[in-house]
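Input: a single structure, listed below in structure tokens.
Nothing here was measured: the structure is a model prediction, and the numbers come from that model.
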Amino acid sequence: MGCAGMTMTNGRPTMADVGRLAGVSIKTVSRVFNDEPHVSDSIRCRVMDAARRLDYHPNVMAQALVRRRSHLIGLVYENPSPSYVVELQRGVLDRLKDERYRLVVIPIRSVEHNASELVGMLRSAALDGVVLAPPAADHPLILDQLSRAGISCARIAPTRLFDAAPSVIIDDQVAATDIANHLLSLGHREIAIIKGDPTHPASDARMAGYTRAFAAAGVTIRPDWIEAGQFTFDSGLEAGRRLLRHAPRPTAILAQNDDMATGALMAAREFGLRVPGDVSIAGFDDSEISRIAWPPLTTVRQPVFDMAVDAADMLIAQLERRAVDGPRDHRHQLIVRASTAPPSALP
């Protein structure tokens, strides 16, 4: 049977068109696309082949009404770092490949200021479940409201409330200790810090790691050498400018992510300073910007892509009523590049 003679609504194939081409009823086509039982493999193949030939795609919302499932999964994030966000999305999409679930990306300008409205928005979107990236992954109100609403979730890199929902974790404090120890091992003692957004618990965890490394080395952190940032390039640039105006200036800067570290690197250039000859700069995340900056940044790799894959896998397991293991622990890796070196004599 060919495609000639098919009548299509608004130029698009309909379920009736699929049924005619496959030689079955509309009800049978519906049963195939709703994955109902008691449909033979041969009929299922005929229907799917007809759909492919007609380039027919079932209406997701109509299927959701029938099954009371949307097969839509949300990804909630706030982090302003483009590289970090892309890795999150790539990871979730990689796990959803060949699955019937589809991804809905939900960027939030400020989780702290919008937490009370977030779950209502997720319910309105008819999501089956949601992957929470920091800082939403740590927010007690969001976790409580999701539980009350019966919306499954999986969390990426939470720092607390590990029993609240399945989680994929990394030890930010240990990772921060390692990169601080790297600068200390090079001989740096005059080290400044650019912190991230204070509403992100990871910022406190990384600061605790720096503090632990400094204390073990007998180095005092100077309060006037701690600058606030927002995990953005611009905030790192401004913080770097303030730090490098000090006399004497620090010999090294620890930034809590790569975007801020790259901003500090630009500030050093504005001041006519060589990196790492005059000041060493280290970041965190091993995002794409750390590899294309010049010089390339010493940083800590947290496997964001792999963590997102695992979080999506844990969410799908919940939705399909399978056992969920966890929390799943991921390891960081210190990546030493050309932006750090032993301190030189200051002018």
Side-chain angles (χ1 to χ4, degrees), residues 77-91 107-112 133-138 156-159 169-180 182-183 191-211 213 226-243 252-268 275 279-293 295-305 307-308 330 332-337 339-340:
Y77 64 86
E78 177 192 309
N79 196 309
S81 168
S83 298
Y84 182 88
V85 169
V86 167
E87 289 297 285
L88 284 177
Q89 295 181 21
R90 286 184 58 244
I108 303 295
R109 184 178 297 275
S110 171
V111 167
E112 183 68 21
D138 270 314
I156 296 175
T159 62
I169 60 175
I170 186 170
D171 196 326
D172 278 281
Q173 187 172 145
V174 172
T177 299
D178 282 354
I179 197 162
H182 166 68
L183 290 179
I191 303 173
I193 295 167
I194 304 176
K195 297 181 64 175
D197 188 331
T199 68
H200 288 234
S203 181
D204 287 339
R206 293 172 191 179
M207 189 66 197
Y210 299 157
T211 302
I226 301 175
E227 288 287 345
Q230 292 293 322
F231 288 128
T232 63
F233 172 88
D234 287 341
S235 68
L237 175 61
E238 291 301 321
R241 287 167 174 164
R242 291 191 294 270
L243 289 170
I253 296 174
L254 275 170
Q256 289 192 345
N257 81 341
D258 294 330
D259 292 68
M260 295 191 300
T262 306
L265 191 153
M266 182 63 70
V275 177
V279 58
S280 288
I281 298 174
F284 200 107
D285 283 341
D286 192 32
S287 55
E288 183 180 5
I289 197 171
S290 72
R291 299 185 286 275
I292 63 176
L297 287 171
T298 292
T299 187
V300 169
R301 179 177 187 268
Q302 58 169 337
V304 177
F305 175 89
M307 294 168 75
H330 283 252
H332 68 276
Q333 182 182 1
L334 177 65
I335 308 292
V336 178
R337 298 194 180 104
S339 68
T340 55

Reported CZ-to-OG distance for the pair Phe231 and Ser203, which is rounded to 0.5 angstrom: 5.0 Å
Taking only residues two or more places apart in sequence or in another chain, which ones pass side chain to side chain contact (heavy atoms under 4.5 Å, CB included) with Asp204? Lys195
Side-chain donor-acceptor contact under 3.5 Å, His200 with Gln256: no
Value rounded to 0.5 Å, distance of CG in Leu243 from CD1 in Ile253: 5.0 Å
Quick one: does Ile179's side chain get under 4.5 Å of Leu334's, heavy atoms only? yes
Does the side chain of Leu88 reach to within under 4.5 Å of the side chain of Ile156, using non-hydrogen atoms? yes
Flag the pair Glu87 and Arg90 as a salt bridge only when some basic side-chain nitrogen lies within less than 4.0 angstrom of an acidic carboxylate oxygen. yes
What residues form a salt bridge (charged side-chain N to carboxylate O under 4.0 Å, His left out) with Arg337, not counting sequence neighbours? Asp286
So with a 6.0 Å cut-off around CD of Glu288, is the heavy-atom count from everything else above 12? no
Going by atom types only, do Thr232 and Ser235 share a side-chain donor-acceptor pair under 3.5 Å? yes
Without hydrogens or angle criteria, can the side chains of His332 and Asp171 be said to hold a donor-acceptor pair below 3.5 Å? no
Taking the side chain as C-beta and beyond, is there a heavy-atom pair between Arg301 and Pro303 under 4.5 Å? yes
Side chains of Thr298 and Thr340, donor plus acceptor under 3.5 Å: yes
Side chain proximity check, Pro82 to Asp259, heavy atoms < 4.5 angstrom: yes
Check whether Gln173 reaches the backbone of Gly209 with its side chain - one donor and one acceptor, N or O, closer than 3.5 Å. no
Find the distance between CD1 (Ile226) and CD1 (Ile193) and round it off to the nearest 0.5 Å. 5.0 Å
Across all chains, not counting sequence neighbours, the salt bridge (charged side-chain N to carboxylate O under 4.0 Å, His left out) partners of Asp197 are none
With rounding to the nearest 0.5 angstrom, report the CD1 to OG distance, Ile281 to Ser339. 7.0 Å
State, with a plain yes or no, whether a side-chain heavy atom of Ser280 is found less than 4.5 Å away from one of Leu183. yes
Drop me the distance from Met266's CE to Arg241's CZ, to the nearest 0.5 angstrom. 9.5 Å
Value for CD1 (Ile335) from NE2 (His182), rounded to nearest 0.5 Å, stands at 11.0 Å
Side chain to side chain, Ile191 and Leu254, heavy atoms closer than 4.5 Å: yes
